[in-house]
Amino acid sequence: AQTVTQSQPEMSVQEAETVTLSCTYDTSESDYYLFWYKQPPSRQMILVIRQEAYKQQNATENRFSVNFQKAAKSFSLKISDSQLGDAAMYFCAYRSEYGGSQGNLIFGKGTKLSVKP
Amino acid sequence: EPEVTQTPSHQVTQMGQEVILRCVPISNHLYFYWYRQILGQKVEFLVSFYNNEISEKSEIFDDQFSVERPDGSNFTLKIRSTKLEDSAMYFCASSEFGGSSYNEQFFGPGTRLTVL
(Lines give C-alpha, C1' and ligand atoms only; values in the text may rest on other atoms or scores of the structure.)
Protein backbone atom coordinates (compact mmCIF):
# COMPACT_ATOMS: atom_id res chain seq x y z
CA ALA A 1 0.00 0.00 0.00
CA GLN A 2 1.12 3.51 -0.72
CA THR A 3 1.92 5.94 2.08
CA VAL A 4 2.65 9.65 2.21
CA THR A 5 4.69 11.24 4.97
CA GLN A 6 4.99 14.90 5.85
CA SER A 7 7.58 15.19 8.59
CA GLN A 8 7.02 18.86 9.42
CA PRO A 9 3.80 19.39 11.42
CA GLU A 10 4.41 23.15 11.48
CA MET A 11 6.57 25.61 9.60
CA SER A 12 7.01 29.33 9.77
CA VAL A 13 8.31 31.80 7.20
CA GLN A 14 8.86 35.53 7.07
CA GLU A 15 6.82 37.42 4.50
CA ALA A 16 8.68 37.69 1.16
CA GLU A 17 11.00 34.83 2.10
CA THR A 18 11.14 31.32 0.65
CA VAL A 19 10.04 28.17 2.43
CA THR A 20 10.19 24.50 1.48
CA LEU A 21 7.72 21.92 2.71
CA SER A 22 8.82 18.30 2.67
CA CYS A 23 6.95 15.22 1.51
CA THR A 24 8.09 11.68 1.01
CA TYR A 25 6.06 8.76 -0.22
CA ASP A 26 6.35 5.05 -0.57
CA THR A 27 5.12 3.10 -3.58
CA SER A 28 6.11 0.21 -5.77
CA GLU A 29 4.35 1.74 -8.77
CA SER A 30 6.16 3.54 -11.56
CA ASP A 31 3.26 5.67 -12.79
CA TYR A 32 1.41 7.93 -10.41
CA TYR A 33 0.56 11.53 -9.69
CA LEU A 34 1.54 13.77 -6.82
CA PHE A 35 -0.29 16.82 -5.58
CA TRP A 36 0.00 19.64 -3.10
CA TYR A 37 -3.27 20.93 -1.68
CA LYS A 38 -3.68 24.08 0.39
CA GLN A 39 -6.37 24.45 3.05
CA PRO A 40 -6.74 27.98 4.44
CA PRO A 41 -8.40 28.27 7.85
CA SER A 42 -12.09 27.33 7.62
CA ARG A 43 -11.92 27.08 3.85
CA GLN A 44 -11.90 24.37 1.22
CA MET A 45 -8.82 22.45 0.19
CA ILE A 46 -7.62 23.75 -3.17
CA LEU A 47 -5.11 22.26 -5.54
CA VAL A 48 -1.82 24.16 -5.62
CA ILE A 49 0.28 22.09 -7.97
CA ARG A 50 0.48 18.61 -9.50
CA GLN A 51 3.26 16.45 -10.87
CA GLU A 52 3.03 13.44 -13.15
CA ALA A 53 5.63 10.83 -12.21
CA TYR A 54 6.60 10.21 -15.83
CA LYS A 55 7.63 13.83 -16.26
CA GLN A 56 11.19 14.65 -15.32
CA GLN A 57 10.62 18.38 -15.34
CA ASN A 58 9.53 19.83 -12.04
CA ALA A 59 6.12 21.50 -12.07
CA THR A 60 5.85 25.23 -11.48
CA GLU A 61 2.83 27.43 -10.83
CA ASN A 62 3.77 31.06 -10.33
CA ARG A 63 5.43 31.30 -6.88
CA PHE A 64 4.96 27.58 -6.22
CA SER A 65 7.35 24.95 -7.49
CA VAL A 66 8.19 21.39 -6.63
CA ASN A 67 11.37 19.40 -6.35
CA PHE A 68 10.40 15.94 -7.53
CA GLN A 69 13.01 13.28 -6.88
CA LYS A 70 11.51 10.03 -8.15
CA ALA A 71 14.34 7.74 -7.09
CA ALA A 72 14.32 9.21 -3.60
CA LYS A 73 10.49 9.27 -3.53
CA SER A 74 10.56 12.87 -2.47
CA PHE A 75 8.20 15.66 -3.49
CA SER A 76 8.88 18.97 -1.78
CA LEU A 77 6.99 22.22 -2.30
CA LYS A 78 8.83 25.51 -2.52
CA ILE A 79 6.95 28.75 -1.95
CA SER A 80 8.85 31.83 -3.08
CA ASP A 81 8.14 35.40 -2.03
CA SER A 82 5.78 34.16 0.70
CA GLN A 83 2.62 36.19 1.25
CA LEU A 84 0.30 36.43 4.22
CA GLY A 85 -2.35 34.63 2.18
CA ASP A 86 -0.10 31.58 1.92
CA ALA A 87 -0.76 30.80 5.59
CA ALA A 88 -2.64 27.51 5.55
CA MET A 89 -2.43 23.78 6.08
CA TYR A 90 -0.62 22.13 3.17
CA PHE A 91 -1.30 18.52 2.26
CA CYS A 92 0.81 16.34 0.02
CA ALA A 93 -1.17 13.65 -1.81
CA TYR A 94 -0.55 10.64 -4.02
CA ARG A 95 -2.77 9.09 -6.64
CA SER A 96 -2.21 5.78 -8.34
CA GLU A 97 -2.46 5.34 -12.07
CA TYR A 98 -3.41 1.69 -11.70
CA GLY A 99 -5.99 -0.69 -10.36
CA GLY A 100 -9.07 0.83 -11.91
CA SER A 101 -8.85 3.61 -9.41
CA GLN A 102 -11.28 6.43 -9.91
CA GLY A 103 -8.64 8.69 -8.54
CA ASN A 104 -8.82 8.44 -4.80
CA LEU A 105 -6.07 10.41 -3.11
CA ILE A 106 -3.72 9.27 -0.37
CA PHE A 107 -2.80 12.16 1.88
CA GLY A 108 -0.04 13.05 4.26
CA LYS A 109 -0.83 14.49 7.70
CA GLY A 110 -0.28 18.03 6.57
CA THR A 111 2.06 20.89 7.41
CA LYS A 112 0.70 24.04 9.01
CA LEU A 113 2.44 27.04 7.49
CA SER A 114 2.48 30.38 9.30
CA VAL A 115 3.62 33.56 7.56
CA LYS A 116 5.03 36.35 9.73
CA PRO A 117 4.60 39.94 8.58
CA GLU B 1 -16.39 30.11 -9.53
CA PRO B 2 -18.33 26.89 -8.84
CA GLU B 3 -17.69 25.29 -5.47
CA VAL B 4 -18.54 22.10 -3.67
CA THR B 5 -20.79 22.82 -0.73
CA GLN B 6 -21.47 20.72 2.35
CA THR B 7 -24.15 20.85 5.02
CA PRO B 8 -24.21 21.04 7.93
CA SER B 9 -20.88 22.56 8.85
CA HIS B 10 -21.05 20.92 12.28
CA GLN B 11 -23.20 17.98 13.38
CA VAL B 12 -23.44 16.73 16.93
CA THR B 13 -25.10 13.39 17.53
CA GLN B 14 -25.50 10.73 20.16
CA MET B 15 -23.78 7.40 19.78
CA GLY B 16 -26.00 4.93 17.96
CA GLN B 17 -27.91 7.58 16.03
CA GLU B 18 -28.03 7.83 12.27
CA VAL B 19 -26.57 10.85 10.54
CA ILE B 20 -26.70 12.04 6.96
CA LEU B 21 -24.04 14.37 5.67
CA ARG B 22 -24.91 16.30 2.56
CA CYS B 23 -22.83 17.54 -0.31
CA VAL B 24 -23.64 19.41 -3.49
CA PRO B 25 -20.89 18.70 -6.04
CA ILE B 26 -20.01 20.99 -8.92
CA SER B 27 -22.79 20.61 -11.45
CA ASN B 28 -20.96 19.12 -14.46
CA HIS B 29 -18.83 16.76 -12.38
CA LEU B 30 -19.33 13.03 -12.68
CA TYR B 31 -17.10 11.56 -9.99
CA PHE B 32 -17.74 11.99 -6.31
CA TYR B 33 -15.73 11.16 -3.22
CA TRP B 34 -15.93 11.15 0.53
CA TYR B 35 -12.87 11.50 2.74
CA ARG B 36 -12.56 11.91 6.46
CA GLN B 37 -9.99 13.31 8.84
CA ILE B 38 -9.92 12.30 12.47
CA LEU B 39 -8.41 15.09 14.56
CA GLY B 40 -4.62 15.02 14.34
CA GLN B 41 -4.58 12.27 11.75
CA LYS B 42 -4.39 12.00 8.00
CA VAL B 43 -7.16 12.69 5.55
CA GLU B 44 -8.39 9.21 4.59
CA PHE B 45 -10.30 8.06 1.54
CA LEU B 46 -13.70 6.50 2.23
CA VAL B 47 -15.49 5.96 -1.06
CA SER B 48 -15.73 7.01 -4.68
CA PHE B 49 -18.94 7.08 -6.69
CA TYR B 50 -19.62 7.21 -10.39
CA ASN B 51 -22.62 6.50 -12.57
CA ASN B 52 -24.84 5.92 -9.55
CA GLU B 53 -22.73 3.25 -8.01
CA ILE B 54 -19.73 2.87 -5.75
CA SER B 55 -16.50 2.63 -7.75
CA GLU B 56 -14.13 1.99 -4.92
CA LYS B 57 -14.23 1.95 -1.14
CA SER B 58 -11.70 1.70 1.62
CA GLU B 59 -11.63 -0.66 4.59
CA ILE B 60 -13.11 2.12 6.70
CA PHE B 61 -16.28 2.13 4.60
CA ASP B 62 -18.04 -0.79 6.24
CA ASP B 63 -21.72 -1.71 6.35
CA GLN B 64 -22.48 1.21 8.63
CA PHE B 65 -21.77 3.60 5.78
CA SER B 66 -23.72 4.20 2.62
CA VAL B 67 -23.75 6.82 -0.12
CA GLU B 68 -26.45 8.02 -2.39
CA ARG B 69 -27.14 10.55 -5.08
CA PRO B 70 -30.85 10.90 -4.46
CA ASP B 71 -31.80 13.67 -6.84
CA GLY B 72 -29.04 14.36 -9.36
CA SER B 73 -27.56 17.22 -7.40
CA ASN B 74 -26.99 16.07 -3.81
CA PHE B 75 -24.49 13.44 -2.79
CA THR B 76 -25.01 12.06 0.69
CA LEU B 77 -23.05 9.99 3.17
CA LYS B 78 -25.12 8.11 5.73
CA ILE B 79 -23.75 6.57 8.89
CA ARG B 80 -26.37 4.18 10.23
CA SER B 81 -25.36 3.82 13.85
CA THR B 82 -22.65 6.25 14.83
CA LYS B 83 -19.76 5.30 17.08
CA LEU B 84 -17.48 7.55 19.09
CA GLU B 85 -14.67 6.81 16.64
CA ASP B 86 -16.72 8.25 13.77
CA SER B 87 -16.05 11.72 15.16
CA ALA B 88 -14.08 13.43 12.41
CA MET B 89 -14.16 16.04 9.69
CA TYR B 90 -15.83 14.62 6.59
CA PHE B 91 -14.88 16.08 3.23
CA CYS B 92 -16.80 15.67 0.01
CA ALA B 93 -15.01 16.10 -3.32
CA SER B 94 -15.99 15.96 -6.96
CA SER B 95 -14.15 15.84 -10.25
CA GLU B 96 -15.08 16.10 -13.87
CA PHE B 97 -12.87 13.18 -14.86
CA GLY B 98 -11.93 10.00 -13.07
CA GLY B 99 -8.63 8.25 -13.44
CA SER B 100 -7.07 10.60 -15.99
CA SER B 101 -4.34 13.03 -15.19
CA TYR B 102 -6.87 15.87 -15.36
CA ASN B 103 -8.61 14.49 -12.35
CA GLU B 104 -8.50 17.59 -10.19
CA GLN B 105 -10.68 16.95 -7.20
CA PHE B 106 -12.54 19.94 -5.85
CA PHE B 107 -13.19 19.73 -2.14
CA GLY B 108 -15.97 21.04 0.02
CA PRO B 109 -15.30 22.84 3.33
CA GLY B 110 -16.13 19.76 5.36
CA THR B 111 -18.65 18.72 7.98
CA ARG B 112 -17.36 18.29 11.50
CA LEU B 113 -19.14 15.31 13.05
CA THR B 114 -19.04 14.98 16.82
CA VAL B 115 -20.40 11.78 18.33
CA LEU B 116 -21.14 11.94 22.06
Side-chain angles (χ1 to χ4, degrees), chain A residues 1-10 23-26 29-55 57 59 61 68 88-112, chain B residues 1-6 9-10 23-26 29-51 53-61 67 88-112:
Chain A
Q2 295 83 22
T3 58
V4 176
T5 302
Q6 292 178 252
S7 59
Q8 306 152 317
E10 294 188 29
C23 173
T24 58
Y25 58 94
D26 190 27
E29 298 173 341
S30 56
D31 292 325
Y32 48 87
Y33 304 92
L34 296 164
F35 305 85
W36 278 98
Y37 277 86
K38 170 186 176 182
Q39 186 182 32
S42 304
R43 299 286 305 276
Q44 274 92 325
M45 256 191 285
I46 55 174
L47 180 65
V48 174
I49 198 166
R50 90 183 95 209
Q51 175 81 42
E52 291 90 337
Y54 65 84
K55 287 187 178 178
Q57 189 171 8
E61 289 287 341
F68 173 50
M89 186 71 90
Y90 286 82
F91 294 99
C92 178
Y94 173 104
R95 181 169 72 77
S96 174
E97 177 66 7
Y98 301 114
S101 167
Q102 293 302 323
N104 50 286
L105 297 165
I106 299 167
F107 284 91
K109 269 187 148 179
T111 296
K112 185 176 180 182
Chain B
E1 188 173 331
E3 286 187 337
V4 176
T5 59
Q6 290 185 243
S9 56
H10 190 191
C23 168
V24 179
I26 294 172
H29 286 187
L30 303 175
Y31 298 83
F32 313 110
Y33 310 82
W34 282 102
Y35 295 83
R36 79 171 185 190
Q37 185 181 27
I38 295 171
L39 190 63
Q41 297 188 26
K42 296 183 179 187
V43 177
E44 301 170 291
F45 167 74
L46 293 178
V47 66
S48 59
F49 190 85
Y50 169 69
N51 200 24
E53 59 183 28
I54 290 173
S55 306
E56 198 166 356
K57 59 184 181 180
S58 71
E59 291 174 354
I60 304 167
F61 195 88
V67 289
M89 183 73 92
Y90 288 81
F91 294 104
C92 173
S94 69
S95 68
E96 190 174 358
F97 304 100
S100 79
S101 65
Y102 296 98
N103 176 28
E104 178 177 349
Q105 293 183 25
F106 292 79
F107 284 80
T111 292
R112 179 163 298 285

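Naming convention: chains lettered A, B, ... in sequence-line order (proteins, then strands); numbering from 1 in each chain. Everything quoted here is computed from the prediction, not taken from an experiment.
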Visitor: Any side-chain heavy atom of B:Tyr33 sitting closer than 4.5 Å to one from B:Ser95?
Guide: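 They are in side-chain contact.
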Visitor: Among A:Gln39, A:Arg43, A:Lys109, which residue forms the greatest number of heavy-atom pairs with chain B at distances under 4.5 Å?
Guide: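 It is A:Lys109.
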Visitor: Would you call A:Glu10-A:Lys112 a salt bridge at under 4.0 Å N-O?
Guide: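 Here A:Glu10 does not pair with A:Lys112 in a salt bridge, since their nearest N and O are not under 4.0 Å apart.
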Visitor: So which part of B:Gln6 gets closer than 4.5 Å to some heavy atom of chain A, the side chain, the backbone, both or neither?
Guide: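 B:Gln6 has no heavy atom closer than 4.5 Å to chain A.
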Visitor: Of the non-hydrogen atoms in B:Ser94 and B:Phe32, which two are nearest, and what is the gap between them?
Guide: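 Heavy-atom minimum between the residues: CB-CD2, 3.8 Å.
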Visitor: So what's closer than 4.5 Å to chain A heavy atoms on B:Val4: side chain, backbone, both or neither?
Guide: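 Backbone only.
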Visitor: Where do A:Glu29 and A:Tyr32 come nearest, in terms of heavy atoms and distance?
Guide: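 Closest approach of A:Glu29 to A:Tyr32, heavy atoms only: O-CE2, 3.4 Å.
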